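Positions are given from 1 along the sequence. As the structure is a prediction and not an experimental result, all values here were calculated from the model.
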Amino acid sequence: MKKIADTPLSVLDLATYPQGGTIAQAFQTSRELAQGAERWGYNRYWVAEHHNLEGVASAATVVLMGYIADHTRTIRIGSGGIMLPNHAPLVVAEQIGTLESLHAGRIDLGLGRAPGTDPLTMRALRRGLHGEEFDVQVAELLSYFEPERPGQAVRAIPGAGIDVPVWILGSSLWSAHFAAAIGRPYAFASHFAPGDLLEALEIYRAEFKPSKQLAAPYVMVGVPALAAETDERAEFLATSMYQRFLGIIRNNRTALPPPVENMDSVWSPGERLAVAERMALMVVGGPERVAANLQQIIDATQADELIIASDAYTREDRLRSYEIIAKSRHLYPAA
């Protein structure tokens, strides 16, 4: 039986900033969080690609990855993920090859096929003009990481011959089939879309085909979380995350709002259910409750690793949340 104390934890960062905050402050917080995550024993620090979203500053994902890598020493830095249809595979190979050359043995490449934005911005990104499917793009990208072949006309310099772990990210059953077919580790975005989580993991494990990169299935599960010194304090701070998801449901996306004492004054009963559905895996509480709830997720999913998405209105509360989460897992089974 897997235990949370023995399960690697990682960080998912969107370089968020609260209402009244600045983008520069978001990047400073990301740097502080990555350095703290390294001290607290987190395994990876992944940055997610999003565009044209108020309150989210992680659009230039590879640039931010380099900034974080420059200010840390040992933690793995990755993309969670790069939305490949927004980019030419050759450019991604060159960028990741550059990062791996600068920070050898520390770079992960997580790939997704969603736009990471709205349809209008998707068109501004020139997405889909070439008409290629995601699996074709992934195959092209992976080919650039292979050792150079005699007479090869197009090479990734840097990138060719570089060994970078490539993950498939997804929130659907399609991604589970694909990750299994090519024998790559699989990260499920259950921190915002948990509906197909268990079925997707079952498909991935059942259909997994070993590859030279990965001999057995490896699953990382996204978990939204907010931890504080007490359950009551955590429940109060978590209302900022609830309000942000409520804004998504209302198509009124804003930077992270301050917490409120009573969410019932903010959402309707139907909206509350809609947010609960999107955040079904949400872990909120003090150290003991967090430890127990993380263990429940491990029991249900048998995940090999959890990646935590935690946000709070103030930088101090956000950093403290990740610190408590990292330390709380050693409380189980006492919890």
Output yes when a side-chain donor or acceptor of R113 lies under 3.5 Å from a complementary backbone atom of L84, and no otherwise.
-> no
Side chain to side chain contact (heavy atoms under 4.5 Å, CB included) partners for A234, two or more places apart = L226, A228, V284
Where is the tightest heavy-atom contact between A48 and G80, given as atom of each residue plus distance?
-> CB-O, 3.3 Å
Counting only heavy atoms not in Q19, do more than 12 sit closer than 6.0 Å to its CD atom?
-> yes
Would a distance-only check, ignoring hydrogens and angles, find a side-chain to backbone donor-acceptor pair under 3.5 Å from S240 to P257?
-> yes
Considering residues at least two apart in sequence or located in another chain, which fulfil the salt bridge (charged side-chain N to carboxylate O under 4.0 Å, His left out) criterion with E54?
-> none
Please test Q213 against V166 for side-chain contact (heavy atoms from CB on, under 4.5 Å), starting from the C-alpha separation and ending with a verdict.
-> CA-CA 9 Å; Q213 290 80 23; V166 177; over 6 Å; no
Side chains of F145 and E100: does their closest heavy-atom pair fall under 4.5 Å?
-> no
For A15 and A26, which heavy atoms make the closest approach, and how far apart are they?
-> O-CB, 3.5 Å
Whether over 12 other heavy atoms sit under 6.0 Å from D135 CG = yes
Donor-acceptor list for residues 241-248 side chains, cut-off 3.5 Å, not counting sequence neighbours:
from : atom 1 : to   : atom 2 : distance (Å)
Q243 : NE2    : T239 : O      : 3.2
Q243 : NE2    : P258 : O      : 2.9
R244 : NH1    : D311 : OD2    : 2.9
R244 : NH2    : D311 : OD2    : 3.4

Would F188 and D196 count as a side-chain contact (heavy atoms from CB on, under 4.5 Å) if you check the C-alpha gap in whole Å, the side-chain angles of each, and the deciding distance to 0.1 Å?
-> CA-CA 9 Å; F188 195 88; D196 290 330; 4.1 Å; yes
Point-to-point distance, once rounded to the nearest 0.5 Å, from CG of N43 to CG of L9 | 9.0 Å
Atom CZ of R155: over 12 foreign heavy atoms under 6.0 Å = no
Looking only at atom types and distance, does a side-chain atom of R76 sit under 3.5 Å from a main-chain N or O of I107, one as donor and one as acceptor?
-> yes
Who pairs with E146 by salt bridge (charged side-chain N to carboxylate O under 4.0 Å, His left out), at least two apart in sequence or on another chain?
-> K212
Taking C-beta and beyond as the side chain, do L169 and W46 meet within less than 4.5 Å on heavy atoms?
-> yes
Measure from the side-chain N and O atoms of R329 to the backbone N and O of T7, and report whether any donor-acceptor pair falls under 3.5 Å.
-> yes
Minimal non-hydrogen separation, I308 against A225, with atom names | CG2-CB, 3.9 Å
Check: W167 and R184 side chains under 4.5 Å, non-hydrogen atoms | no
Any link between V283 and V275 through a network of hydrophobic side chains (Ile, Leu, Val, Met, Phe, Trp, Tyr) touching at under 4.5 Å?
-> no
Please, which pairs that meet ring pair (Phe, Tyr, Trp, His ring centres under 6.0 Å) have at least one residue in residues 268-311, sequence neighbours excluded?
-> none
Taking side chain as C-beta onward, heavy atoms only, is I77 less than 4.5 Å from L99?
-> no
Parallel, tilted or perpendicular for Y204 and Y186, by the 30°/60° rule?
-> tilted
For the student: nearest non-hydrogen atoms of V290 and A227, plus distance | CG2-CB, 3.9 Å
Greater than 12 external heavy atoms within 6.0 Å of E202's CD = no
For E229, which residues count as a side chain to side chain contact (heavy atoms under 4.5 Å, CB included) partner, sequence neighbours excluded?
-> R320, I324
Side-chain (T29) to main-chain (Q25) donor-acceptor, under 3.5 angstrom = yes
Can you measure from NZ (K209) to CG (L214) and round to the nearest 0.5 angstrom?
-> 14.5 Å
Sequence neighbours excluded, every pair satisfying ring pair (Phe, Tyr, Trp, His ring centres under 6.0 Å) that has a member inside residues 8-45 | Y42-Y322
For D231, the side chain to side chain contact (heavy atoms under 4.5 Å, CB included) test, sequence neighbours excluded, returns E235, R289
Under the 3.5 angstrom rule, does the side chain of S190 hit a backbone N or O of G222 as a donor-acceptor pair?
-> yes
With the side chain counted from C-beta on, respond yes when L109 and L141 share a heavy-atom pair under 4.5 Å apart, and no when they do not.
-> yes
Output yes when a side-chain donor or acceptor of S79 lies under 3.5 Å from a complementary backbone atom of G110, and no otherwise.
-> yes
When clusters are formed from ILVMFWY side-chain contacts under 4.5 Å, directly or step by step, what else is grouped with L173?
-> I203
Minimal heavy-atom distance between V164 and I162, with the atoms involved, is CG2-CG2, 3.3 Å
Between the side chains of E305 and Y218, is a donor N or O closer than 3.5 angstrom to an acceptor N or O?
-> yes
Criterion side-chain contact (heavy atoms from CB on, under 4.5 Å) on Q137 and L111, from CA distance to verdict | CA-CA 10 Å; Q137 292 180 303; L111 299 173; over 6 Å; no
Spacing of H330 atom NE2 and K3 atom NZ [to the nearest 0.5 Å] | 14.5 Å
Does S58 reach the main-chain N or O of L14 with its side chain, forming a donor-acceptor pair under 3.5 Å?
-> yes
Does E49 use its side chain to pair, donor to acceptor, with the backbone of T61 at less than 3.5 Å?
-> no
Sequence-distant partners of K2, side chain to side chain contact (heavy atoms under 4.5 Å, CB included), two or more places apart = I298, Q302, D304
Would you please test V221 and L281 for side-chain contact (heavy atoms from CB on, under 4.5 Å) and show each step?
-> CA-CA 10 Å; V221 170; L281 265 67; 4.1 Å; yes
By salt bridge (charged side-chain N to carboxylate O under 4.0 Å, His left out), R272 pairs with (sequence neighbours left out) D264
Considering all heavy atoms, the nearest Y144-A93 contact | CB-CB, 3.6 Å
Going by the ring pair (Phe, Tyr, Trp, His ring centres under 6.0 Å) test, which pairs reach into residues 274-311, not counting sequence neighbours?
-> none
So do the side chains of M65 and I96 get within less than 4.5 Å of each other, counting heavy atoms only?
-> yes
For the residue pair V56 and R253, establish whether any side-chain heavy-atom pair is separated by less than 4.5 Å.
-> no
Mind checking whether E94 and L90 have side chains closer than 4.5 Å, heavy atoms only?
-> yes
Flag, side chain of S321 to backbone of R318, donor-acceptor distance under 3.5 Å = no
Should we say atom CG of N251 is surrounded by more than 12 heavy atoms from elsewhere, each under 6.0 Å from it?
-> no
